[in-house]
Protein chains: 2
Amino acid sequence: MTNRKYKPGKIRERNSENILAAAEQEFVLHGFKGTSMQAVADRAGVAKANIHYYFKNKDNLYLALLENIIANWNEVLADMSEESDPADVLSRFIRTKIRLSYTHPNASKIFAMEIIQGAPYLKSHISQAMRQWVKDKSTIIQSWIDQGKIRAIDPTHLIFLIWSATQHYADFDTQVLEVTNKRQYEEDDIEHIGDFLEDIILAGCGLKPPPKVNLP
Amino acid sequence: MTNRKYKPGKIRERNSENILAAAEQEFVLHGFKGTSMQAVADRAGVAKANIHYYFKNKDNLYLALLENIIANWNEVLADMSEESDPADVLSRFIRTKIRLSYTHPNASKIFAMEIIQGAPYLKSHISQAMRQWVKDKSTIIQSWIDQGKIRAIDPTHLIFLIWSATQHYADFDTQVLEVTNKRQYEEDDIEHIGDFLEDIILAGCGLKPPPKVNLP
DNA sequence: GTCTATATCCGGATAGAC
DNA sequence: GTCTATCCGGATATAGAC
C-alpha cells in the first residue's frame, strides 16, 4: 500500500532505481534474451507485475538502461579543442575512461554485449551521435598533427585504441583478474593501469622523452 | 536416409560442421540463452532432433564451439623466446591477432560474450591454461627488459593492450564500421590497422626511431 | 540417421482483487 | 501502487515411426 505520509514521488523513484540496478546485474549475467523479468523482480524485491507497471515491457526496461549508460559518457572529452595540450587531453581521456570502467563496469558490459550482437537497439545512435562525436574529436587531433604537436597517426584509430584498451578492464575483468590472480581491482590497480596506458600511448604518439633503448 | 554408397563417416562430419557453423551465427546474434535449437536447426538445414542426436544438448553444442575457438588460438606466439627480436615478435603478435579478428570474427565475439558474462564455462580454462600462457610470455618480455632490448613497461598489461586493441576490431566491428561509414572490412583496412597498431605500440615500447615532435 | 509428434516447463504479459 | 492468478507462446528435450 502507498505510504502517503512520506513524499509520494520518492517511492516511485526508489523502486524504479532498484529495478534498474537489478536489471543491470541480470542483463550482464545472462544477456538480454536470457534475462527473465522474474529474476529481475526477485533481485529488486518487487513483484514481477510491478516491473511491467513501471517500465511497460522488457524492451523499455533495457532501453532505459542503455540511455543511462550513454548519458554517462557524454561528459567525456567535452572540453577538448585545437588549442588544448595533447598530452593533457589524452591523459585525461585515458584516466577518465579507466575510472568509468572501475566505477561502472556493468554499464560497460551491457553496452559491449549490445554492440557485439550487432547493436540491434543502438545502431542508429552509433551511426549518428557517435559517428559525429568521433568525427569532431578526430578533426581536433588532426589539427594537432598539422600544428606539429603530435606525431602523424590516424586519429580515428587512436580513439578506437583508447576505447578498447580502457574498456577491456571493465568488460574482461573476469579474465584480467583470473590471469593476474586477484579477487577484485583495488585503487592501486586502477592507478597502475592508468600509468601504464598513459605512458605507452603518449610515447606512441611521440609525447614522451626519447626511450632509453638500443635501437637497431 | 543414410546414403551408404558414399563414405558413411563423411556425412556425420559434414552435418556436424554445418550445425557448428549455424550455431556460431546464432550464438553471436542472440547470446547463449537467447539462441534456440530450432533456429540453429533451420539455419543448418537439419531437423531440430538431429542436433540433439549429434551434440546431446545445448551445453555440449556450445562447449564444442568454445573448444574450436581455443584450439585456434594456441598457435599464436608459440615460438617466441628470450633470444627473439622484440620488434619482430610484437609485430607478428599484433598482425596475427588482427588477421584472426578478420577471418574469425564470430569466434572472437562468442569468446568475448562468454568472458563478459563472467566466463561460466571457461573460468577454469582461464585460471589455468591461459594464466600459465600469460605468465610464460610475460617472463620472456621481462627478460627483454632486463637485456635492455625494450623499454621498461609492465609485460602483462602489454599483452592485455595487444589483446584488447586487436580484438576490438572483431568484437565491435558494428561500431567501427558504422563510425567509419563502411559496409565491411577490406584487405586494405586490415593492412592499415596492422600498420597503425604496430607503429604506435612499438613506438610505445621504445622500438621506433625518436619521434619528430616538439617536446615540451 | 532422420523425421514428426509430444511431454514438460518457463518466458513475457495482463486481468483484476486488494 | 501492489499482489496473485492466469493466458499463451515458445523453449529444451525425447519418444518412436520410418
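Every chain is numbered from 1 and lettered A, B, ... according to where its sequence line falls, protein lines coming before strand lines.
Residue B:K33 contributes atom NZ, which lies 16 Å from atom C1' of C:dG12 at whole-angstrom precision. B:Q38 places its CD atom 12 Å from the C1' atom of C:dC3, with the value rounded to the nearest Å. Rounding to whole angstrom units, CZ of residue B:F55 and P of C:dT2 are separated by 12 Å. A:I51 has its CD1 atom 13 Å from the C1' atom of D:dC3, to the nearest Å. In this entry the distance linking CG of B:N57 with P of D:dA13 reads 5 Å, nearest Å. Distance, A:N60 CG to C:dG12 C1': 13 Å, rounded to whole Å. Straight-line distance from the CZ atom of B:F27 to the C1' atom of D:dA11: 13 Å, rounded to whole Å. In this structure, A:M37 atom CE and D:dT6 atom P are separated by 21 Å, rounded to whole Å.
You'll find that the side chain of A:K48 is closest to C:dA13, out of C:dC3, D:dG1, C:dA13. When each of D:dC3, D:dT14, C:dT4 is scored by its nearest atom to the side-chain atoms of B:H52, the top-ranked nucleotide is D:dT14. Picking from D:dT2, C:dT2, C:dG12 the nucleotide with the shortest atom distance to the side chain of A:Y54 gives D:dT2. The side chain of B:N15 lies closest to C:dT2, out of C:dA13, C:dT2, D:dA13. Minimum atom distance to the side chain of B:I11 is reached by C:dT2, of the listed C:dT2, D:dA13, C:dA13.
With respect to the salt-bridge test (charged N to carboxylate O, under 4.0 angstrom), the residues A:D195 and A:R95 qualify. The pair B:E187-B:R99 meets the salt-bridge criterion, with a side-chain N (NZ, NE, NH1 or NH2) lying under 4.0 Å from an Asp/Glu carboxylate O.
Phosphate contact (OP1/OP2 of C:dC3, side-chain N/O of B:N50, threshold under 4.0 Å): present.
The aromatic rings of B:Y62 and B:Y121 sit perpendicular, their planes meeting at an angle over 60°, well past the 30° parallel limit. The aromatic rings of B:W133 and B:W163 sit parallel to each other, their planes meeting at less than 30°, with 60° as the upper class boundary.
Contact record, A:I153 with A:I145: O-CD1, 3.2 Å, taken as the closest heavy-atom pair.
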Under-3.5 Å N/O pairs linking protein and nucleotides 15-18 of chain C:
none

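Proximity of A:Y54 to A:L61: side-chain heavy atoms (C-beta onward) are nowhere separated by under 4.5 Å.
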Show me the side-chain donor-acceptor pairs of residues 31-38 of chain A shorter than 3.5 Å, one per line, residues at least two apart or across chains.
from, atom 1, to, atom 2, distance (Å)
A:T35, OG1, A:E26, O, 3.0
A:T35, OG1, A:F27, N, 3.4
A:T35, OG1, A:G31, O, 2.7
A:S36, OG, A:A39, N, 3.0
A:Q38, NE2, A:D42, OD1, 3.0

